[in-house]
Q: 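Mind looking over this structure? Questions follow.
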Amino acid sequence: MIDRQALRRDFEAMQAALARRGEAVVGDGSAWARLRELDDRQRQLKNESEALQAERNRVSKLIGMKKGKGEDASEELHAMGEVSSRVKELDALTREAEALFAAALLEVPNPLHETVPDGASEDDNVEIRRWGAPRTDEVPAHWDIGTDLGILDFDAGAMLAGSRFTVMKGAAARLERALMQFMLDLHADKHGYEEVWVPAMANRKTMTGTGQLPKFAEDLYKIEGEELFLIPTAEVPVTNLYQDKILDVAELPKRHCAYTPCFRSEAGSAGRDVRGIIRQHQFDKVELVHITHPDRALSDLEELTAHAEAVLQALELPYRVVALCAADVGFSSQKTYDIEVWLPSQRCYREISSCSSFGQFQGRRAGIRFREEGGKPQPAATLNGSGLAIGRCLVAVLENGWQSDGSVVIPAVLRPYMGGMERIVAK
RNA sequence: GGAAGGGUGGCAGAGCGGUUGAAUGCACCGGUCUUGAAAACCGGCGAUGGGUAAUUCCAUCCGUGGGUUCAAAUCCCACCCCUUCCGCCA
């Protein structure tokens, strides 16, 4: 969430940075449009309430002293009875105003970093760099490759759970596990991340800390009858590991990698990527998370993105990196790079990782803070990125490794994780 | 699921309803002493919001939310979490 002092101090600049996301973000009826008035009202009520409370505290102390000396305090008692009931009324109003302000505050997205390119849609995203030489011959879609090899079973997924669920068998199941292990080993051993294993469900506070709630409830699966949600990404539990903590500046940066399953309702994406395993309700992902000094947020983003890219380079999969434009950057993010892998069957690059810096937005929201020597606690910066989405990676391996005889060559770095298997062939 | 106990500052751990934001110890920071270090001694050491030019002042915070009272860490109610025992179970 945005800084409350900055709301008053830098109103114009903040509004301009928000408006780049689209006029609706700051337009009539937006949370932002109501925010300043709600802030004023809350503070005004609070000031009144505090003045009365100070009076009450002062006289109550006096009553205590008088009683201690055995003196009569009935006059003060009577007067404070009235003050007390007024405090109660004012307090209720103050709390109401505070709740309205807080609710609006949680709906305001992160003001964009100045280096985010302008744009009106994802078509305006800016390509930063490319790696590898894409193959341009005719390659079947991964669902055909997988079905022909007998390793992807879409009917079984539909039978067990419904659409957007898949069963992987044999080499595909093994490949899913191999990718997971390879990625975790790479980040833990070569990139210096501490591996963590976390719950795949999270409560409301945790979901709010990273920004999934309150605004995006329809994207989440909620456990019936409980205040628990299935996580849409490991970002949620891993970042929130530090919620309401004050870290010493010497402990920064914290860098974690984690494997988790991810669950997304995909509300609003009906009809998109309905075939294959590009868009599933449940998928596996290895995530990278940084908790860092705000001064390092942007340089860490470059590092984190490079760590995610290293996975694709090791797998020898061609990709490109794009900077998301103003219209496409997510709610909590101040700047995002997407990594897109080459899918020969579609003859285009498709998202396989999204790396974002959140600045202090999540730190403020989740109470993740750090203290510099002799200084006050301040919100830490957070970042995260997929390193990588495993299902989509498997798609890329199948398509990029496909041979005209129908088999698939397994990237060399994965073979140790595949029991030495060098290629997948039909049984 | 049943029973019992417990949630207080970075940690440990006190706290008859009234000058307690909270004893004490540890940790941490500064100083004295020392060639240096340790020990000892002295001093300091929570967060959030708000007011002021400023030393500073005001309010809130003892798991969470309500309630009683002039006044709540302290009394009452509900909920959450943790520990132990029993039951069930991968």
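Chain naming here is simple, since letters A, B, ... match the order of the sequence lines and numbering starts at 1 in each.
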Q: Could you tell me how the ring of A:His191 sits relative to the ring of A:Tyr193: parallel (under 30°), tilted (30 to 60°) or perpendicular (over 60°)?
A: perpendicular

Q: CG of A:Asp244 versus P of B:U48: gap in Å, rounded?
A: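 Going from CG in A:Asp244 over to P in B:U48 covers 12 Å.
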
Q: For B:A72, what is the paired nucleotide under Watson-Crick or G-U wobble rules, both distances under 3.5 Å?
A: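 Across any shown strand, B:A72 pairs with none.
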
Q: Relative to the ring of A:His256, is the ring of A:Tyr242 parallel (under 30°), tilted (30 to 60°) or perpendicular (over 60°)?
A: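 The arrangement is parallel - the two ring planes meet at less than 30°.
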
Q: RNA chain B: A:Pro377 or A:Arg95, which has the more 5' nearest nucleotide?
A: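 On the 5' side of the pair lies A:Pro377.
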
Q: Counting only side-chain N and O atoms of A:Arg4, is one of them less than 4.0 Å from OP1 or OP2 of B:U48?
A: no

Q: Determine: side-chain N/O of A:Arg86 to OP1/OP2 of B:C70, distance under 4.0 Å, yes or no.
A: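 No, no such contact exists.
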
Q: Rounding to an integer number of angstrom, what distance separates B:C11 and B:C45 when you compare their C1' atoms?
A: 14 Å

Q: Grab the CZ-P distance between A:Phe101 and B:U48 for me, whole Å please.
A: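 Distance, rounded to whole Å: 16 Å.
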
Q: Given that A:Ile246 and A:Glu76 both sit by RNA chain B, which one's nearest nucleotide is further toward the 5' end?
A: A:Ile246

Q: Using the P atom as the reference point in each nucleotide, state the distance between B:G17 and B:G13 in Å, no decimals.
A: 23 Å

Q: Provide the Watson-Crick or G-U wobble partner of B:G46, both distances under 3.5 Å; none if there is no partner.
A: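 B:G46 is paired, partner B:C61.
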
Q: Counting only side-chain nitrogens and oxygens, does A:Ser84 get under 4.0 Å of the OP1 or OP2 atom of B:A71?
A: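 The answer is yes; a side-chain N or O of A:Ser84 sits under 4.0 Å from OP1 or OP2.
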
Q: Using a strict 4.0 Å threshold on nitrogen-to-oxygen distance, state whether A:Arg95 and A:Asp91 make a salt bridge.
A: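 So A:Arg95 pairs with A:Asp91 through a salt bridge.
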
Q: From B:C70, B:G50, B:G66, pick the nucleotide closest to the side chain of A:Leu77?
A: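 Of the candidates, B:C70 comes closest.
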
Q: Which whole-number value in Å describes the distance from A:Ile63 CD1 to B:G17 P?
A: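 Between P of B:G17 and CD1 of A:Ile63: 19 Å.
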
Q: Taking the same atom, P, in B:C16 and in B:G21, what whole-Å distance lies between them?
A: 15 Å

Q: Can you tell me the distance, in whole Å, between the CD atom of A:Glu227 and the P atom of B:C81?
A: 12 Å

Q: Which nucleotide, if any, forms a Watson-Crick or G-U wobble pair with B:A27, using both distances under 3.5 Å?
A: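 Partner of B:A27: none.
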
Q: May I ask you to check whether A:Glu122 and A:Asn125 show a side-chain donor-acceptor distance below 3.5 Å?
A: no

Q: What is the distance, to the nearest angstrom, from the CG atom on A:Leu62 to the P atom on B:A71?
A: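 These atoms are roughly 15 Å apart.
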
Q: Across all strands, who's sitting opposite B:G1 as a Watson-Crick or G-U wobble pair, both distances under 3.5 Å?
A: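 Its partner is B:C86 (Watson-Crick or G-U wobble, both distances under 3.5 Å).
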
Q: Which listed nucleotide (B:G46, B:A71, B:G50) is nearest to the side chain of A:Ser60?
A: B:A71

Q: If I take atom CZ in residue A:Arg371 and atom C1' in nucleotide B:C29, what distance separates them, rounded to the nearest angstrom?
A: 12 Å

Q: Starting at NZ of A:Lys245 and ending at P of B:A47, how long is that distance when rounded to a whole Å?
A: 17 Å

Q: B:C80 and B:G87: how far apart are their P atoms, nearest whole angstrom?
A: 25 Å

Q: Where do N or O atoms of nucleotides 56-60 of chain B meet protein N or O atoms at under 3.5 Å, pair by pair?
A:
from  : atom 1 : to      : atom 2 : distance (Å)
B:A59 : OP1    : A:Asn57 : ND2    : 3.1
B:A59 : O3'    : A:Gln53 : OE1    : 3.1
B:U60 : OP1    : A:Gln53 : OE1    : 3.0
B:U60 : OP2    : A:Asn57 : ND2    : 3.4

Q: Taking B:G15 as the reference, what is the distance to B:C75 when you measure between their P atoms (whole Å, please)?
A: 12 Å

Q: Expressed in whole Å, how much space separates the P atoms belonging to B:A47 and B:A23?
A: 15 Å

Q: I'd like the C1' distance from B:A40 over to B:A4, given in whole Å.
A: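 Between the two C1' atoms, the distance is 46 Å.
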
Q: Return the orientation label for the A:Phe361 and A:Phe331 ring planes: parallel under 30°, perpendicular over 60°, tilted otherwise.
A: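 Rings of A:Phe361 and A:Phe331: perpendicular, as their planes differ by over 60°.
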
Q: Contact class for A:Lys88 vs. all strands (heavy atom < 4.0 Å): base, sugar-phosphate, or nothing?
A: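 The answer is sugar-phosphate, as A:Lys88 gets under 4.0 Å only of primed atoms, P, OP1 or OP2.
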
Q: Using every non-hydrogen atom in the two residues, find where A:Ala104 and A:Leu35 come nearest and quote the distance to one decimal.
A: CB-CD1, 3.6 Å

Q: Looking at residues at least two apart in the chain, or sitting in another chain, which of them share a side-chain contact (heavy atoms from CB on, under 4.5 Å) with A:Ala308?
A: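 For A:Ala308 the side-chain contact (heavy atoms from CB on, under 4.5 Å) partners, ignoring immediate neighbours, are A:Ile339, A:Ser353, A:Cys355, A:Leu388.
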
Q: Suppose we define a pair by two distances each less than 3.5 Å, Watson-Crick or G-U wobble; what does B:G9 pair with here?
A: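 Base-paired to nothing in any strand shown.
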
Q: Does a side chain donor of either A:Asn110 or A:Ser333 reach within less than 3.5 Å of an acceptor in the other side chain?
A: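 No - no donor-acceptor pair under 3.5 Å links their side chains.
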
Q: Rounded to the Å, how far apart are A:Leu52 CG and B:G50 P?
A: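 For the pair A:Leu52 CG and B:G50 P, the rounded distance is 20 Å.
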
Q: Assess whether a salt bridge exists between A:Arg392 and A:Asp273, defined as any Lys/Arg side-chain N lying under 4.0 Å from an Asp/Glu carboxylate O.
A: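 So A:Arg392 does not pair with A:Asp273 through a salt bridge.
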
Q: If every non-hydrogen atom of A:Val408 is compared with every non-hydrogen atom of A:Val397, which pair is closest and at what distance?
A: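 Residues A:Val408 and A:Val397, closest heavy atoms: CG1-O, 3.8 Å.
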
Q: What's the closest nucleotide to the A:Lys61 side chain, out of B:G66, B:U48, B:U19?
A: B:U19

Q: Across the strands shown, which category fits A:Gln5 at heavy-atom distances under 4.0 angstrom: base, sugar-phosphate, nothing?
A: sugar-phosphate

Q: Between B:A3 and B:U60, how many Å separate the two P atoms, rounded to a whole number?
A: 38 Å

Q: Just name whichever nucleotide pairs with B:A40, Watson-Crick or G-U, keeping both distances under 3.5 Å, else none.
A: B:U32

